[in-house]
2 protein chains.
Amino acid sequence: MMENSGITILLVDDEPDILEFLGYNLEKEGYRVLKAKNGQKALKLAKEHKPQLVVLDVMMPVMDGMEACTEMRKVPELAGTLIAFLTARGEDYSQITGFEAGADDYITKPIKPKLFISRIQALLRRYKAVPEDSNIIAVKGFIIDKNRYVVVKDDVEITLARKEFELIQFLVSRTDKVVTREEIFTHVWGENVVVGDRTIDVHIRRIREKLGIDSIRTIKGVGYKFEEG
Amino acid sequence: MMENSGITILLVDDEPDILEFLGYNLEKEGYRVLKAKNGQKALKLAKEHKPQLVVLDVMMPVMDGMEACTEMRKVPELAGTLIAFLTARGEDYSQITGFEAGADDYITKPIKPKLFISRIQALLRRYKAVPEDSNIIAVKGFIIDKNRYVVVKDDVEITLARKEFELIQFLVSRTDKVVTREEIFTHVWGENVVVGDRTIDVHIRRIREKLGIDSIRTIKGVGYKFEEG
DNA sequence: CTTTTTCATCAGGAAATTTTCAATAAAAGT
DNA sequence: ACTTTTATTGAAAATTTCCTGATGAAAAAG
């Protein structure tokens, strides 16, 4: 409890209520808390105080969360700073291209204090152990979280089996491009592994089942394509 | 004054008078005091009660202070224990100077109570001030205490074997993140140690048994994941 | 020295994943 | 419209991966 006092967390949200609420809960745990009500002010505060963690609302006036994230990542002194996004439940993830800008976690509103705190703690703990690069990819409809090995859709964690996970990951990495069966084989199965021709189809089906049918388009005679938008 | 009541100090000296004298002064300050009249008994008591501080006379029969210190440092549960040496004024320091095995302070006899107490307090303060990177990790369901090498669940201390402890500690340090078997091996067993493939499974099972099954999720073909919430 | 605990390994079985197969459906070609 | 090719689907087989209980060796405790 006490030892949190060395840790500074910057909260950024345009709603004063949220700032108040989260701030209160974090301070109760002994963290030092800074607050900003838009991205611009956040950036300034971040440079001044170099917080360990920034919790950033995605939707904000003046400078939104993603922009702020991008800017922060440009500042060398803030290289080691953790950034977590705050997103409203049901919000369209496609806007959250911010993960590519290096966000480390995503937290959904409405927020339950206990869960929020434990999420923060886990993040700080994990980071201390191994500063890692962001392994989170957000596309329209869902988030692929390589750390947790899950896909989050409509705020629900969906667990895919290994091959399924690697396959969707590969498709998404080539968003809007057609990938041939050959390519899929070499990337997901490896050069020399030989499996039947229908295998890919079956995996595609399972992914479609679990995540909802759209997004993966069949290009007959060629391959598949993951479509955004 | 009150808050000292949680702190246990082990006094080790072969002279009953000294034990009596120091013990009285410490108890007056609210500390819990244990006494041992040689190194062997001290070691036993230390393991049993895990005191925060051990005050150890250098010259003793059966097992002298330095030997006892060395032994204590070998015990993982006592890793975080402070050890202070008690030396008679004019005693031959040459023995002690070469001795680097982890004593935290030297106190010279004859002892003035006030000075002794303030010395002890400073030592404990220093120890408290640097809780060695938060050596106590609280997660949902239990507490991992690296200082004392125990896990506390529902107010009950659960003893894990060393490998088990290191494994759960590693998993928790990566909360919510999937850790591969590779990672587990290198972190818990070390790069070059080679053990069978099922070994991890068995340890995981033991941990699940002792702590309750949930929390540790297996991601087939990938690894394990500790989940909070 | 004896007892206890820890630890690694193995083998059988359980569970989940991955692949195959066959029947059907949907495009594409003629 | 008919044929051919290619993809989808459901179910089942094959395989991989993991769990479990037992065993013995090694280390620690007594």
Side-chain angles (χ1 to χ4, degrees), chain A residues 149-150 158-168 170-171 178-182 184-185 188-190 192-225, chain B residues 39-48 50 62-63 70-78 149-151 158-168 171 178-182 184-185 188-190 192-225:
Chain A
Y149 224 85
V150 291
I158 298 169
T159 308
L160 300 187
R162 194 223 257 241
K163 281 261 147 48
E164 291 160 15
F165 194 78
E166 282 171 5
L167 182 45
I168 184 63
F170 179 57
L171 287 176
V178 180
V179 294
T180 66
R181 280 152 187 280
E182 292 301 328
I184 292 177
F185 273 132
V188 179
W189 272 263
N192 36 21
V193 179
V194 180
V195 290
D197 236 17
R198 300 297 99 222
T199 304
I200 288 179
D201 307 12
V202 177
H203 280 98
I204 291 279
R205 166 164 59 108
R206 296 248 173 73
I207 295 172
R208 282 172 169 157
E209 267 173 23
K210 289 186 178 176
L211 299 186
I213 321 170
D214 14 47
S215 305
I216 299 176
R217 173 91 150 279
T218 305
I219 314 294
K220 217 148 186 174
V222 187
Y224 294 91
K225 178 171 81 165
Chain B
Q40 232 163 45
K41 296 190 175 175
L43 197 56
K44 193 180 158 217
L45 274 174
K47 284 179 191 170
E48 270 174 40
K50 291 159 197 145
V62 184
M63 185 194 277
T70 309
E71 289 306 313
M72 278 189 208
R73 286 302 186 220
K74 283 185 193 163
V75 181
E77 299 101 293
L78 300 178
Y149 240 80
V150 290
V151 173
I158 296 171
T159 311
L160 299 187
R162 184 190 301 235
K163 280 266 146 46
E164 290 161 15
F165 190 81
E166 281 168 9
L167 181 44
I168 184 62
L171 286 176
V178 178
V179 294
T180 64
R181 279 152 185 279
E182 293 299 329
I184 293 176
F185 273 133
V188 178
W189 272 263
N192 35 22
V193 180
V194 181
V195 289
D197 233 17
R198 301 293 104 225
T199 303
I200 289 180
D201 308 22
V202 177
H203 281 95
I204 291 278
R205 168 165 57 110
R206 297 248 174 71
I207 295 173
R208 281 174 170 156
E209 268 172 21
K210 289 185 179 177
L211 299 186
I213 324 169
D214 1 54
S215 304
I216 299 177
R217 174 101 152 272
T218 89
I219 313 291
K220 244 174 177 173
V222 186
Y224 293 91
K225 179 170 78 164

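Proteins get letters first, then strands, A, B, ... in listed order; numbering begins at 1 in each. Just so it is clear, the values below take in all heavy atoms, side chains as well, and ignore hydrogens, waters and symmetry mates.
Between A:R181 and D:dA7 there is a side-chain N or O to OP1 or OP2 distance below 4.0 Å. A close approach under 4.0 Å does occur between a side-chain nitrogen or oxygen of A:W189 and OP1 or OP2 of C:dT19. Contact annotation: B:R205 side-chain N/O to D:dC18 OP1/OP2 distance is not under 4.0 Å. Residue A:Y224 places at least one side-chain N or O under 4.0 Å from the OP1 or OP2 atom of D:dT8.
For A:T199, counting side-chain heavy atoms from C-beta on, the closest listed nucleotide (C:dC7, C:dT20, D:dT9) is C:dT20. Comparing D:dG21, C:dT19, C:dT9 against the side chain of B:V195 picks out C:dT9 as the nearest. Proximity note for B:R206 (side chain, C-beta onward) versus C:dA8, C:dT17, D:dT9: the nearest is C:dA8.
By the 4.0 Å N-to-carboxylate-O rule, B:D201 lies too far from B:R208 to be salt-bridged with it.
Per the geometry, NE2 belonging to B:H203 stands 8 Å off C1' belonging to C:dA8, to the nearest Å. The interatomic distance linking B:F185 (CZ) with C:dC7 (C1') rounds to 13 Å, in whole Å. A:I184 has its CD1 atom 13 Å from the P atom of C:dT19, to the nearest Å. To the nearest angstrom, P of C:dT6 lies 13 Å from CD1 of B:I207. Put simply, CG on A:D201 is 13 Å from C1' on D:dT5, counting in whole angstrom units. With rounding to whole Å, B:E164 atom CD is found 10 Å from C:dA8 atom P. Remark: P of C:dT9 and CD1 of B:I200 are 11 Å apart, rounded to the nearest angstrom. In this structure, B:Y149 places its OH atom 13 Å from C1' of C:dT6, rounding to the nearest Å.
At the heavy-atom level, A:K163 lies under 4.0 Å from the strands shown only through sugar-phosphate atoms.
Screening B:L171, B:I168, B:T218 against B:I204 for a side-chain contact (heavy atoms from CB on, under 4.5 Å) leaves a single residue, B:L171.
Closest-nucleotide positions on DNA chain C for A:K220 and B:D197 were compared, and the one nearer the 5' end corresponds to B:D197. Comparing A:V202 and B:R198, the nucleotide of DNA chain D nearest to each residue sits closer to the 5' end for A:V202.
Side-chain atoms of B:K210 come within 3.5 Å of backbone N or O of B:T159 as a donor-acceptor pair.
Ring geometry for A:Y149 against A:F165 counts as parallel: the plane angle stays under 30°, on a 0 to 90° scale with 60° as the upper cut.
Between A:I200 and A:R181 the shortest heavy-atom distance is CD1-O, 3.8 Å.
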